[in-house]
Each structure stands twice: as C-alpha cells, then as structure tokens.
Amino acid sequence: MSRVPKIFIVTLVISMLSCSVAIGQQYKTHKVKNGETLEGIARQYNLSVDNILTYNKELKKGDSLRPNTILVIPSATGAADSSAEKEDQEEPVGFGKHRVRKRETLYSITQRYKISEAELKRYNSKLYASRLKRGMVLKIPKYKRVKKAEHTINEEDYETYIVKAKETRWSIAHTRNITMDSLLALNPQLSKLNSDLAEGAELKLPKIAGSSVENTETQLYTSYTVPPKIGFYRLEKEFGVTADELMKLNPEIVERGGLKEGMVLRIPQKKTDFGAINTDNYIFYQVKPKQNEFRLTRKFGMTYEEILALNPAIKDGFKAGMILKIPKDQVGDFEVKDALILDRINLLDSIDVANRPKLVFMLPFRLDKINTANRKATQKLIENRNDIKISLGLYTGALVAIDSIAKLGISVDVTTFDTEKNAAKTREILSNTDLRNVSAIFGPLDSKFLPEVAQMAANYQIPVITPLASKSSANLRNVFFPITDTQVLREKMLNYIAEHRTSENIIVIADKENKEVASLIKQKFPDAKLIELIEEEKNIAIDRDKFELLLSEQNENWVFVETMKSNIVSSISSILNSSNTEEIKVRMLTTNKNRAFEDNNAVSTSHLSNLNFSYPSPYREVGNDGFVKRYTARFGSEPDKYAIRGFDITYDLLLKLAYKNNLFEASQTIGETEYTGHKFQYSKEFNAGYFNKASYIMKFEEMHIKEIK
C-alpha cells in the first residue's frame, strides 16, 4: 500500500469505530405535530429526552418544537411504536425486584425470570436509554401463565440404541426408516447446529416392527391377502417364514383359528445383506420435497431398480425426508460432505433479501497507539506492527465484500471494535455489547483471546470466524477456521502425487525436524528413495555422488524438500537446479510451503521456476479481477494477501447468511465455494469447530505461480 491510502484507511477505521453503535442501529422518523413536546414524544417511544437529543443535535433541552420538524428516533434500542407495544400485551399479576449483579446481562436476567426483553424494558423504561449497570434495581413482572401440556409418547414403542463406530445420523435414520426430523424430535439432546454423533452415544429410536420374531437391525414388511386353500407350508416355501413367526406377527391367525381366505397378513420381506450400513460403505441423501424418480436417478447416475435394491422403502414412492443410501464410490451430479450428499447450490441465485446479517468485527487496530495528526509516525507504526497491518488488510477487504453484497440487495449491520490486543479490552467489549441477533463475529486475531470470545458467543449460538488460525488447542464448537490446516494440505499433496504419478522417480530430502514427514512420504510411496541431509554449522549439503546415483535418466525425478529453514531451501534448490539438465529432468516439491520457501533474499525464484516447484496451498495467486479493481479504486493501492483473505472470508460469510441466516445450518448444506483467492468447504469435527478442507495445488512456471487444475 502507498503512504496516503494507509493513513486514509486508519482514518476510516477511526470513523467506523466512533460510530460503531450507529452502524448497526435502525432509526425511524417522527414529524412533529401542533402542541407536541419532547417529553411527550419521548414517552410515546419509550425513550428519555436525552436519548432523542443525542440524535437531534440541533435541539436543546427546554426548546419548544416547531410543527412539521422531522426528528430522528432510534428504534433498535428495543423501543417500538406505542401502538405496536400495546398489541397483545399480557398484564402482570404482580411485580418482583432484582438488583443487577456484576457481569449480568439483559439476556441472563430475562432467561432467569422467563420473560422477554420487551417485557423487562416495558416496566423499566430507563433501559431504553441507558445500559444495564451493576446495582440497578429492576421491576420484574410476574404473569399467570399456564404451562402447556407436553406431548407424551408410549415408551413401550421405543428402545435405546447405542451408536456404533462410523455410524452417522443419516445411516441410523435410514436403517430405522425414519426422517431426520423424527430422529431429532425423539432425541432433543442432539444439537441442531451440527451433525455430531459420538460412538457409544444413546439414542431413543422406534422399536423395529416384528423384532420379537427376528432380531435384525431393520425389517420391512409386505401385505399379503390369503387366497383360497393355502396353508403354512406353501407360505413358508414362498416367503421363507415359519408358521410360528407368522402367528407372532399376525395374532389374528390364532384368534380366528387358522389361516382364512381374505385374511391380510403382514409378512417380512426377504433382505439382501449389504453389510454394515455406515460411512465405510455408503453415502446418504435426504429426499427433498417434490423430488421424483426422474430427478433422483439423474442426480445419482443410477437406475430406479438400482436405487430400489438398496432402498426398498421407495417402492411406495419417494417421500420428502426419506434417507437414501447410495454406494460410497458412486459418481453423479452432487458433492459429498461428511458422508452426506449435498445439492449443488448457487448462492448468488439463492439469496433472500429479507435476511439482514449483523456482523461484529473484533480486530487489534491499535488506535490507542496511533496519532493520526502525525502522519510520519503513523506510517512508521503501521509498517513496524504486523497486528495493525494485518487488521487493516482484513478489514479493508471485508469492507469491499460488504459493498459487494449491498449491491445484491442485502443490507448488513456492522459494528466494529478495536481490541487493542488487550485481554481486558476484549472482555470489556464482550460485557458491554448486546450480542443478541448477531449473525457472526469476525475475529479476534490473537489465539489467546479466542476461547473467551468463543465461549461468550456460544451462549448466544453465534459463530466466530478466526481469520488467521487453522486450528485451536481448545475444543471450540462454534468457531470457523477458514485457513486450511497444514496436515490437510500435506494429505492433499500426497493424494495429488498418487493420482498423477505414472513412472516418476521419487526422492525425499528432509531435515531432522521433518523425519516423520519423510517416513510418511515413504509409507505412501514405498519405492521412494531417501537421501541424508548434512547439516553443519556453516555447511548445508547432501552427498552429491549418492544423489546423482539416485537420479533417473529415463523418468522425471520428483524431489520432495521438507524443511522450515530458508538456508536449506536455498542450498538444495541450487543443487537440484544444477542437476536439472536436458538429459535429467528434476521437479521440486514439498508438502508444506512455509516462510522458508518465501525468503527472496536466500531463495532464488529463478531456481524454483526452473524446477516447476509445486506445493499445496490454502490460497492461490490472484490476477486483476473484479475485486482487485474495486479495492484499488476505493483505497488507491492493490490489495495485499490479507485484504484478499478479508474479502473472501467476509463475502463467503455474507452470501451464506443471505441464503440462510444461520451459518451453522448453511455450512451443513452448502458444498465447496470459491472466490478471488480462496476456496471454502467447512467440515464439522466432533466436539470441535468447523474446519476448511479446501485447498489448491500450485506450481512455479516461467517465473509465474499458477494453479494446477
């Protein structure tokens, strides 16, 4: 970034922070009528006079109002039209008192007394104009409310089921022939925000019909009308069911003294043994409304007979909510995520303009350190502090994303806070911010503050997006990690090599800190050759004679270099480059491209290009696309990698919230998405957060970095 845009951005951030409450605030206007006073208007909207004066600076307390004057009335404080307030109000039978304690919130108080916030504010009007404070004495309305009778079920119709390894909600729903809605209704302890299911967990499930006859995991039945002159022997031959089994399934046989013509019997269908129904063998699909045989056979690339053989329940037709099982290796017009088949969704075509996402940004802008009056000092501070540089990059990219989503008709409420990279400041923000109705929190950057922010957000079922981390040592169930983890990238690279390798000769060079990685590569490719790396204080080398003996003249040589030291990358890439001749072809690879490969002072880009250096990456290089043009036009300089990341993460987040104003639900039903420089495919891990599994394979070629498709 040039100097002028950086100062401009800092000024922009300061202005955003100074009006952070107003950004997310909704307003209405009031046209003054003859005889109206400030006091009367304040009472009408359940506000204080001071609250109205705050948003109408031209007025002073005690001034008379001129008719037809337009006043700005804040309406997001919880106040509503007086006419609307009076609708359907239940009168309390009495009042109690509550003294506000330290760290209590409106939410915790309303939850404690089982009342709404509107009811609490209605009888404590000071809450419309001022924040909740320790020591406040509140009036608590008491109501005569009759508890609704709960629906009871016959426990004899249900049994406890123990979840086995590799089973999912979908596989269990399929084997019991129930819908996911039914499974969740019977087991309210299951989270509706994710699809976690632990091995050994207990579920309440309907008993299998006829389980007293045959102890099976599932059994389907067919109806059979008894024709004239037929006996048990013929039924046993035809259906493979004994007389005793038939009588247990059909007690009316005994009651009526044997088989009678016209009697309708329940007969178990013969089953094909498909083995264990779990994620090792099958993927699963939940039938949507109005889907029929034609649509589903095209989607799965299977005939109706093939689907029927696996799912006998569809003989009576496809019904919304059914869970179908499909062979795991089946290929069709669909994506698979966590063994669940996803419908392809075009987010741009699926947004709902009625959704209004509300975002909170928590980033260390360090405005406590910045003096914008001194431009040189500010510029120097920005250049020397990564936290400020990264925050400004992420935030400016996010602002372009917010502008882009606004052009699609989606209004976004934004509140921005400077955490100052300070734990006390972060806690202060959390305790003083009303988090209800917040759609997502972007930040914080510091991993030390993440657990506390995530825990507070979890109380309101708010997702937290951490823009720098790929994982956390804590189990943070509501946190989204957009940066793909190193282990996932390594696996991606090894799978890529396995898929595209034909006769290439694989050699591995790893330092002592990466011996395990070398072993992993050797395990994946048993014919790979390992060469020892000599690490001396002033010398980094390999035995050139041994290395040259390992090189193949017939096949291309793919050499893995596994290290986090730039001097090793520099030395080895130089050796590989000198070995790369017309007779011997050498390509350099790694499973972890870290900063050691990016040190331009030590590592020759020319060598990397000559060697077609290839690696897995959580992001790709960007060209002069629409985002870059919009960013440059707004801020006067090209975006850095953090601005690109801020845009991609925020744009993806806002599109998903515009589609379904619940990021947890949207992430379960949406497959891979891709934007300027990043892909996202979040996968929920049990008892942990949502981790991005998408990535790229990149390579150096002709002094450019390109994506390998």
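A donor-acceptor pair under 3.5 Å is absent between the side-chain atoms of H678 and the main chain of D648, judged by distance alone. A distance-only check finds no donor-acceptor pair linking the side chain of N281 to the backbone of K328 [under 3.5 Å]. A donor-acceptor pair under 3.5 Å is formed between the side chain of T242 and the backbone N or O of E245. No donor-acceptor pair under 3.5 Å is formed between the side chain of S439 and the backbone N or O of P357. Of the possible polar contacts, none joining the E499 side chain to the Y496 backbone as a donor-acceptor pair under 3.5 Å is found. Distance alone, capped at 3.5 Å, places no donor-acceptor pair between the K471 side chain and the A469 backbone. Remark: side-chain polar atoms of R176 are paired, donor with acceptor, to backbone N or O of P206 under 3.5 angstrom. Remark: side-chain polar atoms of E672 are not paired, donor with acceptor, to backbone N or O of F680 under 3.5 angstrom. Proximity of a side-chain donor or acceptor of N594 to a complementary backbone N or O of A596 within less than 3.5 Å is detected. Using modelled atom types, one side-chain atom of N292 and one backbone atom of R295 make a donor-acceptor pair closer than 3.5 Å.
Heavy atoms only, all atoms of each residue included: L476 and P451 are closest at CD2-CA, 4.0 Å. Nearest heavy-atom pair, A457 versus V464, reported as atom, atom and distance to 0.1 Å: CB-CG2, 3.6 Å. In terms of heavy atoms, E202 sits closest to N187 at O-OD1, 4.4 Å. Of all heavy-atom pairs spanning L235 and Y224, the tightest one is CD2-CE2, 3.5 Å.
Within the structure, side chain to side chain donor-acceptor pair (under 3.5 Å) contacts touching residues 446-459 (residues at least two apart or in different chains) are R427-E452. Screening residues 278-287 for salt bridge (Lys or Arg N to Asp or Glu O under 4.0 Å), with sequence neighbours left out, gives K166-D280. The ring pair (Phe, Tyr, Trp, His ring centres under 6.0 Å) contacts involving residues 445-469 comprise Y107-Y460, where partners must be two or more places apart or lie in separate chains. Screening residues 503-522 for salt bridge (Lys or Arg N to Asp or Glu O under 4.0 Å), with sequence neighbours left out, gives E513-K565.
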Evaluate the criterion side-chain contact (heavy atoms from CB on, under 4.5 Å) for residue pair L190 and L203; output intermediate values, then yes/no. CA-CA 9 Å; L190 294 177; L203 299 179; 4.1 Å; yes

Decide yes or no on side chain to side chain donor-acceptor pair (under 3.5 Å) for E167 and Y161, but give the supporting numbers first. CA-CA 12 Å; E167 285 189 312; Y161 179 80; 2.8 Å; yes

Between V287 and T179, does a side-chain contact (heavy atoms from CB on, under 4.5 Å) hold up when you go through it step by step? CA-CA 9 Å; V287 178; T179 65; over 6 Å; no

What's the verdict on side-chain contact (heavy atoms from CB on, under 4.5 Å) for M456 and L435, showing C-alpha distance, side-chain angles and the deciding distance? CA-CA 9 Å; M456 177 65 81; L435 294 176; 3.7 Å; yes

Does the salt bridge (Lys or Arg N to Asp or Glu O under 4.0 Å) test come out yes or no for K641 and E621, once each step is laid out? CA-CA 9 Å; K641 68 177 182 179; E621 304 298 314; over 6 Å; no

Taking it one step at a time, do K684 and Q668 satisfy side-chain contact (heavy atoms from CB on, under 4.5 Å)? CA-CA 8 Å; K684 178 73 175 73; Q668 289 185 55; over 6 Å; no

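Here L183 contributes atom CG and L197 contributes atom CG; the two are 8.0 Å apart, rounded to the nearest 0.5 Å. Atoms OG1 and CD1, from T590 and I521 in turn, are 7.5 Å apart once rounded to the nearest 0.5 Å. To the nearest 0.5 Å, the span separating CD1 on I507 from CG on N557 amounts to 5.0 Å.
Side-chain contact between M362 and V453 is present, with heavy atoms from C-beta onward closer than 4.5 Å. Residues I697 and P616 are in side-chain contact: their nearest non-hydrogen atoms beyond the backbone lie under 4.5 Å apart. A 4.5 Å side-chain heavy-atom check between P327 and M302 finds at least one atom pair inside the cut-off. Looking at heavy atoms from C-beta onward, N478 lies out of side-chain contact with Q461 at the 4.5 angstrom threshold. When side chains are defined from C-beta on, W170 does not count as touching I277, because their heavy atoms never get closer than 4.5 Å. A 4.5 Å side-chain heavy-atom check between I441 and F361 finds every atom pair outside the cut-off.
Scanning for side chain to side chain contact (heavy atoms under 4.5 Å, CB included) contacts around K524 gives L494, N495, A498, with sequence neighbours left out. Applying the side chain to side chain contact (heavy atoms under 4.5 Å, CB included) criterion to N437, with sequence neighbours excluded, gives no partner residue. Remark: Y696 engages E674 in a side-chain hydrogen bond (donor to acceptor under 3.5 Å, both in side chains) (not counting sequence neighbours). Not counting sequence neighbours, Q681 has no partner by the side-chain hydrogen bond (donor to acceptor under 3.5 Å, both in side chains) test. N355 meets the side chain to side chain contact (heavy atoms under 4.5 Å, CB included) test with D352, N661; sequence neighbours excluded. Partners of D625 under the side-chain hydrogen bond (donor to acceptor under 3.5 Å, both in side chains) rule, at least two apart in sequence or in another chain, are T676. For E598, the side-chain hydrogen bond (donor to acceptor under 3.5 Å, both in side chains) partners are K593, not counting sequence neighbours.
There is no side-chain donor-acceptor pair under 3.5 Å between N505 and N555. Side-chain N/O atoms of N278 and S171 include no donor and acceptor closer than 3.5 Å.
A side-chain contact (heavy atoms from CB on, under 4.5 Å) with Y285 is found for one member of L342, L296, L340, I307 and no other, namely L296.
Ring geometry, F560 versus F525: the interplanar angle falls under 30°, so the pair is classed parallel (tilted spans 30 to 60°). Aromatic ring pairs are classed by plane angle as parallel below 30°, tilted from 30° to 60° and perpendicular above 60°; the pair Y651 and Y675 is perpendicular.
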Can you give each donor-acceptor pair under 3.5 Å made by side-chain atoms of residues 479-487, sequence neighbours left out, with the distance rounded to 0.1 Å?
| unit_1 | atom_1 | unit_2 | atom_2 | d |
| --- | --- | --- | --- | --- |
| T484 | OG1 | A694 | O | 2.5 |
| D485 | OD1 | S470 | OG | 3.3 |
| D485 | OD2 | Q487 | N | 3.2 |

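Atom CZ of R298 has 12 or fewer neighbouring heavy atoms from other residues, nucleotides or ligands inside a 6.0 Å radius. The number of heavy atoms from other shown groups lying within 6.0 Å of CD (Q523) does not exceed 12.
Taking the centre and axis of the six-membered ring of Y282, the NZ or CZ atom of K325 falls inside the cone set by 45° and 6.0 Å.
Using a 4.0 Å cut-off between charged nitrogen and carboxylate oxygen, K693 and E685 count as a salt-bridge pair. Using a cut-off of 4.0 Å between Lys/Arg side-chain N and Asp/Glu carboxylate O, K248 and D244 are scored as not salt-bridged.
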